[in-house]
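Report on one structure; see the data block that follows.
Hydrogens, waters and symmetry mates are skipped; everything else that's a heavy atom, side chains included, is used. Naming convention: chains lettered A, B, ... in sequence-line order (proteins, then strands); numbering from 1 in each chain.
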Amino acid sequence: MPELPEVETTVRGLARYLEGERLTRVVVNRPDLRRPFPADLMQAMTGAVVTGLDRRAKYGLLHTDRGRTLIFHLGMSGRWRIDPERPDRHDHLVLHTDDHIFALNDARRFGSVDLVDRAILDAWPPFAAMGPEPLGELLTPGHLHAATRGRKTAIKGVLLDQRIVAGLGNIYVCEALFRSGISPRRQAGKVSRAAFARLVPAIRDVLHQSIADGGSTLRDYARPDGQLGYFATRFDVYGREGEPCHRCEGTIRRIVQGGRSSWFCPQCQK
DNA sequence: CGTGTGCCCTGACAGC
DNA sequence: TGCTGTCAGGGCACAC
């Protein structure tokens with residue numbers, strides 16, 4: 001379930017093995033995920049040295065000494081398998097260094113791989129339109145307040161809009177709204193400044209806690225079976241329909257908004 | 001422009 | 001043991 005914390009954990013895990021290493025072999029088993037891989041992917045990456053890794057929203061960035069950056073998105077089911085014991089039919093792209101093997105595995109194939117000049121990364125169309133990072137200082141209550149004035153649509157959907165804030169997914173929007181006492185159904189334009197002042201730290205806290213958890217299981221992430229270290233603490237609302245609220249005597253409900261599930265406590269969240 | 005819908009693809013799981 | 005239906009971390013192309 002790659003949301004921002006999982007991408008962050010993945011990037012950190014890859015960095016431990018890849019930073020400063022030369023890619024000795026690049027194998028493309030299937031040349032497309034959501035869209036075709038860059039035609040020159042193999043040529044561009046074979047022999048390149050990985051100079052560093054980064055994350056932008058839910059994208060992972062793999063910088064090379066050739067001035068080009070490989071950008072991956074894990075979609076719904078993507079993950080990197082380090083030193084897999086055996087190949088898997090969904091290992092679409094495989095990178096080799098002298099000491100390790102890294103397989104980009106994505107069963108549902110909603111992910112992507114792109115190659116962009118590092119100098120113009122910010123102008124890459126998916127990045128150019130993005131709002132601030134949820135963990136960066138540009139995400140403020142004032143930003144969300146200004147961005148939502150006059151919007152009649154529900155706050156839930158606005159928070160999933162990467163142009164408003166870049167990197168939140170369904171799980172953490174649900175969890176952050178619960179923590180800040182805001183109903184996912186609330187009209188975005190009617191959410192008060194005070195409510196946003198609760199929401200911003202709630203977003204930061206839940207993401208930081210999840211990243212810390214991913215970090216604590218980094219050892220597991222690097223296991224040959226490729227298990228990722230997901231947010232292991234119990235969610236307050238996500239996936240908990242019909243179960244008791246952790247804060248009151250109420251029961252968690254599930255509704256569908258924009259074709260996706262929202263879980264919330266009708267008593268705690270107004 | 002803002003808003004809502006449907007689709008991309010495969011696998012896991014529940015229920016019969 | 002199988003079948004069938006439902007649902008899933010995301011993002012984008014469309015239609016109004």
message: Taking only side-chain N and O atoms of A/Arg260, does any of them lie within less than 4.0 angstrom of OP1 or OP2 on C/dG10?
response: yes
- prompt: So does A/Tyr238 get a side-chain nitrogen or oxygen closer than 4.0 Å to the phosphate oxygens (OP1/OP2) of C/dG9?
  reply: yes
message: Between C/dC12 and B/dG11, how many Å separate the two C1' atoms, rounded to a whole number?
response: 23 Å
task: Ignoring backbone atoms, establish whether A/His73 has a side-chain N or O less than 4.0 Å from OP1 or OP2 of C/dG11.
output: yes
query: If you look at every heavy atom in A/His92 and A/Asp106, which pair is closest and at what distance?
result: NE2-O, 2.8 Å
- request: Under 4.0 Å between any heavy atoms, over every strand shown, what does A/Ser261 touch: base, sugar-phosphate, or nothing? Just pick one.
  value: sugar-phosphate
- line: From CG of A/Leu207 across to P of C/dG9 the rounded distance in Å is 16 Å
Rounded distance (Å) that lies between atom C1' of C/dA8 and atom CG of A/Leu74: 15 Å
task: Using a 90° cut-off around 0 for syn, call C/dG9 syn or anti.
output: syn
field: Paired nucleotide for C/dG9 [Watson-Crick or G-U wobble; both distances under 3.5 Å]
entry: none
- prompt: Atom CG of A/Leu4 and atom P of C/dG10: how far apart are they, to the nearest Å?
  reply: 11 Å
field: Gap between atoms CZ and P, on A/Arg30 and B/dC8 respectively (whole Å)
entry: 14 Å
C/dG9 phosphate, OP1 or OP2, under 4.0 Å from A/Lys58 side-chain N/O: no
- prompt: Just how far, in rounded Å, is C1' of B/dT10 from CZ of A/Arg34?
  reply: 14 Å
task: Determine whether the aromatic ring centres of A/Trp263 and A/Phe235 lie less than 6.0 Å apart.
output: no
field: Length of the CG-P vector between A/Asn170 and C/dA8, whole Å
entry: 8 Å
field: Nucleotide C/dC12, atom C1' - distance to CZ of A/Arg35 in whole Å
entry: 10 Å
query: C1' atom, C/dG11 versus B/dA12: distance in rounded Å?
result: 23 Å
message: Does the structure show a Watson-Crick or G-U wobble partner for B/dC9, both distances under 3.5 Å? Name it, or say none.
response: none
message: Give me the distance, rounded to whole Å, that separates C/dT6 from B/dG6 when you measure between the P atoms they each carry.
response: 15 Å
query: When you measure from the centre of the six-membered ring of A/Phe178, is the NZ or CZ of A/Arg247 under 6.0 Å away and within 45° of the axis?
result: yes
message: The side chain of A/Arg109 is closest to which nucleotide in this list: B/dC9, B/dG11, B/dT3?
response: B/dC9
query: Would you say B/dG4 has OP1 or OP2 under 4.0 Å from some side-chain N or O of A/Thr153?
result: yes
query: By centroid distance (under 5.5 Å) and plane angle (under 30°), are A/Phe110 and C/dG10 in a stacked arrangement?
result: yes
- prompt: Under a 4.0 Å N-O cut-off, is there an ion pair linking A/Arg79 with A/Glu6?
  reply: no
field: Six-ring centre of A/Tyr59, A/Arg56 cation under 6.0 angstrom, axis tolerance 45°
entry: no
query: Between C/dG9 atom P and A/Phe72 atom CZ, what is the distance in whole Å?
result: 20 Å
query: Under 4.0 Å: is that the gap between some side-chain N or O of A/Arg89 and OP1 or OP2 of B/dG11?
result: yes
- prompt: Taking only side-chain nitrogens and oxygens of A/Gln162, does any of them come within less than 4.0 Å of OP1 or OP2 of C/dG11?
  reply: yes
statement: Taking every heavy atom of A/Tyr172 against every heavy atom of A/Ser210, the minimum-distance pair comes out as OH-OG, 2.8 Å
- request: May I ask you to say what A/Gly169 touches in the nucleic acid, namely base, sugar-phosphate or nothing, with a heavy-atom cut-off under 4.0 Å?
  value: sugar-phosphate
